[in-house]
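The structure appears right after this line, and notes come after that.
Only heavy atoms go into these numbers, but all of them, side chains included; no hydrogens, no water, no symmetry mates. In what follows, chains carry the letters A, B, and so on, assigned in the order in which the sequence lines appear, proteins first and then strands, with residues in each chain numbered from 1.
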Number of protein chains: 2
Amino acid sequence: MSQRNTAVPEQLKTLEDADLLLESGECPVPPREILDRIAGKWAILIVVATARQPRRFTELERLIEGISRRMLTLTLRNLERDGLLERTVYPTVPPKVEYRATEMALELYEAMLTITNWSRKHSSCVAASRRRYDERRAAEAEHI
Amino acid sequence: MSQRNTAVPEQLKTLEDADLLLESGECPVPPREILDRIAGKWAILIVVATARQPRRFTELERLIEGISRRMLTLTLRNLERDGLLERTVYPTVPPKVEYRATEMALELYEAMLTITNWSRKHSSCVAASRRRYDERRAAEAEHI
DNA sequence: CAGTATCCATGTGGATACTG
DNA sequence: CAGTATCCACATGGATACTG
């Protein structure tokens with residue numbers, strides 16, 4: 001993966017091809033949308049929290065530190081709508097609702113781990129690059 | 001990948017572990033930040049555009065449809081700072097500047113393709129789930 | 001308990017005039 | 001040409017009062 005220079009497929013010559021890859025006309029749901037979904041601050045955390053066992057609303061609110069009630073609701077709805085979360089209502093008093101990640105969601109999470117792996121692999125390199133960049137800019141700012 | 005139920009690692013029992021995975025204390029640059037970077041609307045398009053050949057500022061502005069001058073500059077700076085883009089200045093008049101994706105960036109793009117692949121694989125399933133969800137909600141709204 | 005509705009602060013991003 | 005600076009519109013998201 002790292003020795004070859006073929007990360008971008010050979011047939012990918014123009015940016016229009018990239019659009020096909022990323023915005024994709026044939027897909028009912030474009031990759032861009034999926035990306036936006038998982039890029040949200042909370043979605044993945046919810047998927048992880050509900051991966052191994054069903055979780056209740058308040059339980060998630062406690063588990064996921066810093067999430068607001070509003071954002072929890074919104075994210076849960078979106079995930080449910082996309083079929084990434086299964087919502088089960090027990091018609092008791094008081095009500096009990098459980099959320100659980102679907103198999104599809106777990107696969108998405110697994111795919112997401114490739115990004116995480118990249119991060120881990122190159123993290124210090126990126127950090128070093130940032131230091132160099134910032135120092136260079138600071139130096140320039142000085143002698144002006 | 002799809003027959004096993006181990007998308008979430010066995011040792012991942014609590015959400016704190018997930019935090020370690022996603023927000024990661026040991027990483028100088030947390031995965032979350034990388035995710036935000038590539039989730040931006042433009043970064044990946046720029047990486048793709050500069051993958052096979054160096055591109056000039058105005059060239060990118062034309063290639064990447066819909067990007068504003070401001071966002072192009074901002075995204076280029078961020079990518080350069082992170083070491084994902086190499087910026088070369090030719091001190092001519094008028095100035096000429098070229099951007100080119102680094103090897104690291106191409107690897108990240110490749111990793112990102114796993115997400116795209118997930119999308120393609122499950123796209124119609126997600127779309128179907130959305131239809132069902134929307135219809136259900138519409139039905140509920142009616143008999144109220 | 002599991003939400004919904006509302007208000008408000010902040011950030012993100014577009015358009016564009018200006019400059020070395 | 002390759003940007004920077006400025007202004008502004010809008011979406012995102014937090015806090016929280018209220019409800020079935």
Please name all residues satisfying side chain to side chain contact (heavy atoms under 4.5 Å, CB included) with [X], sequence neighbours left out, ordered by chain then number.
X: B/Ser119; result: A/Pro31, A/Ile34
X: A/Ala105; result: A/Val47, A/Leu84, A/Ala101, A/Thr102
X: B/Arg56; result: B/Glu59, B/Lys96, B/Glu98

- Short side-chain N/O contact to C/dC1 OP1/OP2 from A/Thr58, under 4.0 Å: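 No.
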
query: D/dC1 phosphate, OP1 or OP2: any side-chain N/O from B/Arg56 under 4.0 angstrom?
result: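 Result: no.
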
Query raised in the report: If you round to the nearest 0.5 Å, how far is CD1 of B/Ile67 from CG of B/Leu45?
Result: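 Between atom CG of B/Leu45 and atom CD1 of B/Ile67 there are 8.0 Å.
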
Under the side chain to side chain donor-acceptor pair (under 3.5 Å) test, which residues partner [X], sequence neighbours left out?
X: A/Arg132; answer: none
X: B/Arg69; answer: B/Glu61
X: B/Tyr99; answer: B/Arg77, B/Arg87
X: B/Thr114; answer: A/Thr114

Given Watson-Crick and G-U pairs under 3.5 Å, DNA chain C in dot-bracket ([ ] crossing, | other strand) is ||||||||||||||||||||

Problem set entry | Spacing between B/Leu60 atom CG and D/dC1 atom P, to the nearest angstrom |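 Spelled out: CG on B/Leu60 to P on D/dC1 is 14 Å.
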
What integer distance in Å separates A/Glu59:CD from C/dA2:P?
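Going from CD in A/Glu59 over to P in C/dA2 covers 9 Å.
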
Per-nucleotide protein contact along nucleotides 3-15 of chain C, 5' to 3', at a 4.0 Å heavy-atom cut-off (B base, S sugar-phosphate only, - neither), is BB-B------BBB

